[in-house]
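Please read the structure below before turning to the comments.
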Amino acid sequence: MRILKILLLLVALLGAPTELIKAQTPQIKTANEVLQQAIMAMGGKAVLANVKTLYTEMSTEMDGRKVLWVTKEMEPNKGAFQIVYNGRIVFENWFDGKDGYELVRGEKKKADPEEFKAKQYKKHIMNELDFIDLSLWTLELLKEEPKVNGEDCYMIKATSAGNEVRHLYYSKKSYLMLREDNISNTEKGKFTSTYFSEFKKFGELLYYTQSIFGDADKTQEVKIVNLWINEKVTPKDFNK
């Protein structure tokens, strides 16, 4: 009898880890559940919501020349973009929360509204927080289960309040976004697909450091070399 009890105890102990793992594995049924897991993977809702400004320097090549792409973002929807070559800004545009502008030969002029129309439907810098806002996006978990860079992914159709449609691919393993496709009603000049990889911790935020933009004609590989959260961005960056 004592041996039987010991055997039963061993079975229970040996079986516990497997059952615990099963209990901890989320049973994903909706797109919102995928997004909630993605937010947790990136650091949690509080961490993402605390990103009030984001300054990013990205290294890439354009026409055979190494350049920096500098982006500056401020909650809820302000943004600026610069191309820097040999320490000199050769292109610049920005969105002040209402209108977009660009510098052409040193002269400020209003930009094509089509280049910034998605900004009208932003409340947060981190897109995942916008995706779960029902006033901004409608989500649908699609039946397709594609692979991105060899990883099984959930595929979500996201439709904005402005009728922009995107397909979002989140890893079933890490819950991080590995790919995003712009399907319809996209901003002018926007690439069709973007692939994300090489995730790294910036403080408590887990964020990609490598991305590849692509469409039918070309691709652009970009690597983040510097990233500052809640630093180096002021309202003056969007009011010039």
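The figures here come from the full heavy-atom set of this structure, side chains too, leaving out hydrogens, waters and symmetry mates.
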(message) List the residues meeting side-chain contact (heavy atoms from CB on, under 4.5 Å) with Glu198, not counting sequence neighbours, and say none if there are none.
(response) Thr209, Gln210
(request) Can you see which heavy atom on Cys153 is nearest to which on Leu178, and at what distance? (result) SG-CD1, 3.9 Å
(message) Testing the basics here: between Leu48 and Gly43, what is the closest heavy-atom pair and its distance to 0.1 Å?
(response) CD1-N, 4.4 Å
Report, one line per pair, each donor and acceptor closer than 3.5 Å where one atom sits in a side chain of residues 224-232; sequence neighbours left out.
unit_1, atom_1, unit_2, atom_2, d
Asn226, ND2, Glu57, OE1, 2.9
Asn230, OD1, Lys52, N, 2.8
Asn230, OD1, Thr53, N, 3.1
Asn230, ND2, Asn50, O, 2.9

(message) So which atom in Asp237 and which in Ala80 form the shortest heavy-atom distance, rounded to 0.1 Å?
(response) O-CB, 4.1 Å
(request) Quick one: list whatever passes ring-ring contact (aromatic ring centres under 6.0 Å, His included) with Tyr208, sequence neighbours left out. (result) Phe196
(message) Under a 4.0 Å threshold between the charged nitrogen and the carboxylate oxygen, would Glu61 count as salt-bridged to Lys66?
(response) no
(message) Give me each pair satisfying side-chain hydrogen bond (donor to acceptor under 3.5 Å, both in side chains) with a member in residues 83-95, each pair once, sequence neighbours excluded.
(response) Gln82-Glu92, Glu92-Lys240
(request) Identify whether Met177 and Phe199 are in the same connected component of the hydrophobic contact network (ILVMFWY, side-chain heavy atoms under 4.5 Å). (result) yes
(request) Could you verify whether a donor N or O on one side chain and an acceptor N or O on the other, from Thr192 and Asn182, lie under 3.5 Å apart? (result) no
(message) Do Ile132 and Gln36 have side chains that approach each other closer than 4.5 Å (heavy atoms only, starting at C-beta)?
(response) yes
(message) Count I, L, V, M, F, W, Y as connected when their side-chain heavy atoms are under 4.5 Å apart, and connections chain through other members. Are Ile89 and Leu103 then in the same cluster?
(response) no
(message) Nearest 0.5 Å, please: how far is OG in Ser211 from CD in Gln220?
(response) 9.5 Å
(request) Identify the heavy atoms of Ser135 and Ala161 that sit nearest to each other, and give their distance. (result) O-CB, 3.8 Å
(message) Does any part of the side chain of Glu73, heavy atoms only, come nearer than 4.5 Å to the side chain of Lys78, both counted from C-beta?
(response) no
(message) When you compare the side chain of Asp133 with that of Lys123, does any pair of heavy atoms fall below 4.5 Å?
(response) yes
(message) Restricting to non-hydrogen atoms, name the atom on Ile125 and the atom on Leu54 that form the minimum distance, rounded to 0.1 Å.
(response) CD1-N, 3.9 Å
(message) Once ring-ring contact (aromatic ring centres under 6.0 Å, His included) is applied, do any residues pair with Phe95, and if so which ones, sequence neighbours excluded?
(response) Phe116
(request) Take Leu206 and Lys200, measure what side chain to side chain contact (heavy atoms under 4.5 Å, CB included) needs, and give me the verdict at the end. (result) CA-CA 5 Å; Leu206 185 61; Lys200 176 185 172 183; 5.5 Å; no
(request) Report yes if some heavy atom in the side chain of Ser193 is under 4.5 Å from a heavy atom in the side chain of Arg179; otherwise report no. (result) yes
(message) More than 12 heavy atoms of other residues, nucleotides or ligands under 6.0 Å from NZ of Lys223: yes or no?
(response) no
(request) Calculate, to the nearest 0.5 Å, the distance between atoms OG1 and CE belonging to Thr71 and Met58 respectively. (result) 4.0 Å
(message) So for atom CD, which belongs to Glu140, do other residues, nucleotides or ligands contribute more than 12 heavy atoms lying within a distance under 6.0 Å?
(response) yes
(request) Compare all side-chain heavy atoms of Trp69 with those of Val67 and state whether any distance is below 4.5 angstrom. (result) yes
(request) Compare all side-chain heavy atoms of Pro76 with those of His124 and state whether any distance is below 4.5 angstrom. (result) no
(message) Looking at Glu164 and Arg166, is there a salt bridge between them, counting it only when a charged N and a carboxylate O are closer than 4.0 Å?
(response) yes
(request) Would you please test Leu68 and Thr60 for side chain to side chain contact (heavy atoms under 4.5 Å, CB included) and show each step? (result) CA-CA 6 Å; Leu68 277 182; Thr60 188; over 6 Å; no
(request) Quick one: pull up CD1 in Ile28 and OG1 in Thr30 and give me the separation to the nearest 0.5 Å. (result) 7.0 Å
(message) Tell me whether Asn239 contacts the main-chain N or O of Pro235 through its side chain, where contact means a donor paired with an acceptor under 3.5 Å.
(response) yes
(message) Would Lys72 and Tyr55 count as a cation-pi pair here, with the cationic atom under 6.0 angstrom from the ring centre and within 45° of the axis?
(response) no
(message) To the closest 0.5 Å, what do you measure between CG (Asp112) and NZ (Lys117)?
(response) 9.5 Å
(request) Would you check if Met42 and Val47 make a side-chain contact, meaning some heavy-atom pair closer than 4.5 Å? (result) no
(request) In plain terms, say whether Asp152 and Lys173 are close enough for a salt bridge, that is, a side-chain N and a carboxylate O under 4.0 Å apart. (result) no
(message) Let me check something: do Tyr169 and Leu142 share a hydrophobic cluster, defined by ILVMFWY side-chain heavy atoms less than 4.5 Å apart, either directly or through other members?
(response) yes
(request) Look at the side-chain heavy atoms of Ile, Leu, Val, Met, Phe, Trp and Tyr, link any pair under 4.5 Å apart, and say whether Leu205 and Val233 land in one connected group. (result) no
(message) Donor-acceptor check, side chain of Asp63 to backbone of Arg65, threshold 3.5 angstrom: yes or no?
(response) no
(message) Please check: side-chain N/O of Glu33 versus main-chain N/O of Lys29, any donor-acceptor pairing under 3.5 Å?
(response) yes
(message) Measuring from atom CH2 of Trp137 to atom CG of Asn32, what distance do you get when rounded to the nearest 0.5 angstrom?
(response) 15.0 Å
(request) Identify, with sequence neighbours excluded, every residue that meets ring-ring contact (aromatic ring centres under 6.0 Å, His included) alongside Tyr195. (result) none
(request) Measure up the Tyr175 and Tyr154 rings against each other and bin them: parallel (under 30°), tilted (30 to 60°), perpendicular (over 60°). (result) parallel
(message) Starting from Tyr170, can I reach Val165 by hopping between I/L/V/M/F/W/Y residues whose side chains sit under 4.5 Å apart?
(response) no
(message) Using every non-hydrogen atom in the two residues, find where Ala38 and Glu128 come nearest and quote the distance to one decimal.
(response) CB-CG, 4.5 Å
(request) Please assess His167 against Lys157 for the test side chain to side chain contact (heavy atoms under 4.5 Å, CB included), listing each intermediate value before the final yes or no. (result) CA-CA 5 Å; His167 284 169; Lys157 178 183 178 182; 4.0 Å; yes
(request) Please report the C-alpha distance between Leu141 and Val34 in whole Å, then the side-chain angles of each, then the deciding distance to 0.1 Å, and finally whether the side chain to side chain contact (heavy atoms under 4.5 Å, CB included) criterion is met. (result) CA-CA 9 Å; Leu141 183 61; Val34 176; 4.2 Å; yes
(request) First locate atom OG of Ser160, then atom CD of Gln120, and finally report the distance between them rounded to the nearest 0.5 Å. (result) 11.0 Å
(message) Contact between Tyr207 and Met126 at the side-chain level, heavy atoms closer than 4.5 Å - yes or no?
(response) yes
